[in-house]
K.L.:
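Sharing a structure here in structure tokens format.
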Protein chains: 2
Amino acid sequence: MSLKYAVLAALLEGEASGYELSKVFDVSLANFWAATPQQLYRELERLAGEGLIQARVVRQERRPDKRMFTLTAAGRHDLDTFAATPPRRPTAIRDELLIKIQAMDGADPEDTRALVEEREAWARGKLARYLRVRERLLAGRGEEEYLREADRVGPYLTLLAGIALEEENLRWCARVREVLDRRAARGERPRPPAQDGTR
Amino acid sequence: MSLKYAVLAALLEGEASGYELSKVFDVSLANFWAATPQQLYRELERLAGEGLIQARVVRQERRPDKRMFTLTAAGRHDLDTFAATPPRRPTAIRDELLIKIQAMDGADPEDTRALVEEREAWARGKLARYLRVRERLLAGRGEEEYLREADRVGPYLTLLAGIALEEENLRWCARVREVLDRRAARGERPRPPAQDGTR
DNA sequence: CGCACCTACTCAACTAGTTGAATAAGGCGG
DNA sequence: CCGCCTTATTCAACTAGTTGAGTAGGTGCG
């Protein structure tokens, strides 16, 4: 049900093809609503059927044809109504890593550490991408200036949420590594190392 | 697939009924893996079939009977293996509010503000619950002491992630309200208020 | 020159998640 | 004492999300 509005909201940025949307849902939108390409193509079909978006086929020379989609007035109106009403379901997070951390005390700490480092690298990458998107949005203006004057601030505010999330993620990963280190130091020498030269 | 391990991980805390798990999944686990009671009952059935958990019926006097579930050795082993292998799918977040914020520029700012305040109240409630759970876990010990000495630190680390998430959420909500205020102040007087006393 | 990757989709089959209601007994408030 | 809440679960029907393969031409790399 909400994928529908995620798609409509994505089309606020302008005309896009299914393929382009699948890229957008991979970078910025994935931040708060994940969707696979299949889901998007299906949803676009549905929305076009409902008259909330309009399709036009663009013939291309050395590429397959593509269908570009635009919001209709009906679609924009539906989206505006959606934007003004309270969410009917709470935020859902599905994070496998946290299940693994919850159960980590039965696993090899070295394995756990590797998982955390992987997540850390991933978060760093995402954060870097978000920061680049932000620079592009600001286009040299200061944040306060932008927030006062820009036509649309929604996308910037969701971007801030994404940035904060990934920064928090990195801090948390660092903390977990610290704990892992400290416990490794404790556990790896059941007897303290010899101080008297006998070995 | 991962609900399976979320359930097994929840059973690390000890024997529980489906009903009890549905409560747990509402408070702490919901933080990183949401599940409805229906999903849990179905999953418990499946896991019992696979021999990863064991059921025992507890007859009760003034309540319906319940089935209490415990991890089997096979279940614990399966979970340990899971905990040591990298996640196969990335974290997915589904947050309707962020779609609404993304599209907020077409809606009444007063409506948007109400949504943000609702989220803020919810985050405050969740944070308070997390902090109480944390006090119970620490049981008077300091954090460092706990992290060095406790048998299991996984649940504490996921709790920290939840706490950080909700704190971040609150900061973000405050920021959004600020922006809303500033733009309302700008937009609500297309002409500046009279300074000359004529009114 | 062959292989992998990119654009741009579609189809089919499957698995996971959601919703609503039903059952059944006791407790609690007005 | 009526109706709603809580405990504790099951059933059935539905919607949403995932996976894998297929099509088809083009680009880039060694």
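These values consider heavy atoms only, across backbone and side chains, with no hydrogens, waters or symmetry-generated copies. Convention: sequence-line order gives letters A, B, ...; per-chain numbering from 1.
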K.L.:
Kindly state each residue pair satisfying salt bridge (charged side-chain N to carboxylate O under 4.0 Å, His left out) with at least one member in residues 9-18 of chain A, sequence neighbours excluded.
P.N.:
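Qualifying pairs: A/Glu13-A/Arg152, A/Glu15-A/Arg56.
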K.L.:
Atom CD of B/Glu43 to atom C1' of D/dT10: distance rounded to whole Å?
P.N.:
16 Å
K.L.:
Looking only at heavy atoms, what is the nearest atom pair of A/Arg134 and A/Leu160, with distance?
P.N.:
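What the structure gives for the nearest pair is NH2-CD2, 4.4 Å.
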K.L.:
In whole angstrom, what separates B/Gln39's CD from C/dT15's P?
P.N.:
16 Å
K.L.:
Check the distance between C/dA24's P and B/Arg59's CZ and give it to me in whole angstrom.
P.N.:
16 Å
K.L.:
Please tell me which of the listed nucleotides, D/dG17, C/dG17, D/dA16, lies nearest to the side chain of B/Leu3?
P.N.:
C/dG17
K.L.:
Identify the heavy atoms of B/Ser17 and B/Lys66 that sit nearest to each other, and give their distance.
P.N.:
CB-CD, 4.3 Å
K.L.:
Requiring both pairing distances under 3.5 angstrom, list the stems that contain DNA chain D and are made of three or more consecutive Watson-Crick or G-U pairs.
P.N.:
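Only these stems qualify: C:1-30 with D:1-30.
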K.L.:
Could you please spell out the steps behind the salt bridge (charged side-chain N to carboxylate O under 4.0 Å, His left out) verdict for A/Glu45 and A/Arg42?
P.N.:
CA-CA 5 Å; A/Glu45 211 56 58; A/Arg42 239 195 287 138; over 6 Å; no
K.L.:
Does a side chain donor of either B/Thr70 or B/Gln54 reach within less than 3.5 Å of an acceptor in the other side chain?
P.N.:
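No - no donor-acceptor pair under 3.5 Å links their side chains.
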K.L.:
Just how far, in rounded Å, is P of C/dA16 from CG of B/Leu40?
P.N.:
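That distance rounds to 14 Å.
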K.L.:
Got a sec, which pairs hit ring pair (Phe, Tyr, Trp, His ring centres under 6.0 Å) with one end in residues 71-114 of chain A, sequence neighbours left out?
P.N.:
A/Tyr5-A/Phe82
K.L.:
Tell me, for nucleotides 7-14 of chain C in 5' to 3' order, what letter each nucleotide earns: B for a base near a protein heavy atom under 4.0 Å, S for only sugar-phosphate near one, - for neither?
P.N.:
BBBBB---
K.L.:
Assess whether atom CD of A/Gln39 is packed by more than 12 heavy atoms of other residues, nucleotides or ligands within 6.0 Å.
P.N.:
yes
K.L.:
According to the ring pair (Phe, Tyr, Trp, His ring centres under 6.0 Å) rule, which pairs have a member within residues 17-65 of chain A, sequence neighbours left out?
P.N.:
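Matches after skipping sequence neighbours: none remain.
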K.L.:
Of the non-hydrogen atoms in A/Leu170 and A/Glu120, which two are nearest, and what is the gap between them?
P.N.:
CD2-O, 3.4 Å
K.L.:
Round to a whole Å and report the spacing from CD1 of B/Ile93 to C1' of D/dG17.
P.N.:
17 Å
K.L.:
Do any of residues 76-91 of chain A sit with a heavy atom less than 4.0 Å from DNA chain C, and if so which?
P.N.:
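Output list: A/Arg89.
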K.L.:
Would you name the heavy atoms of A/Ala9 and B/Gln102 that are closest together and state the gap between them?
P.N.:
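Scanning both residues completely, I find the closest heavy atoms to be CB-CG, 4.1 Å.
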K.L.:
For salt bridge (charged side-chain N to carboxylate O under 4.0 Å, His left out), just list the numbers for B/Arg119 and B/Asp95, CA-CA rounded to whole Å, side-chain angles, deciding distance to a tenth of an Å, and then say yes or no.
P.N.:
CA-CA 11 Å; B/Arg119 161 64 56 96; B/Asp95 188 342; 2.9 Å; yes
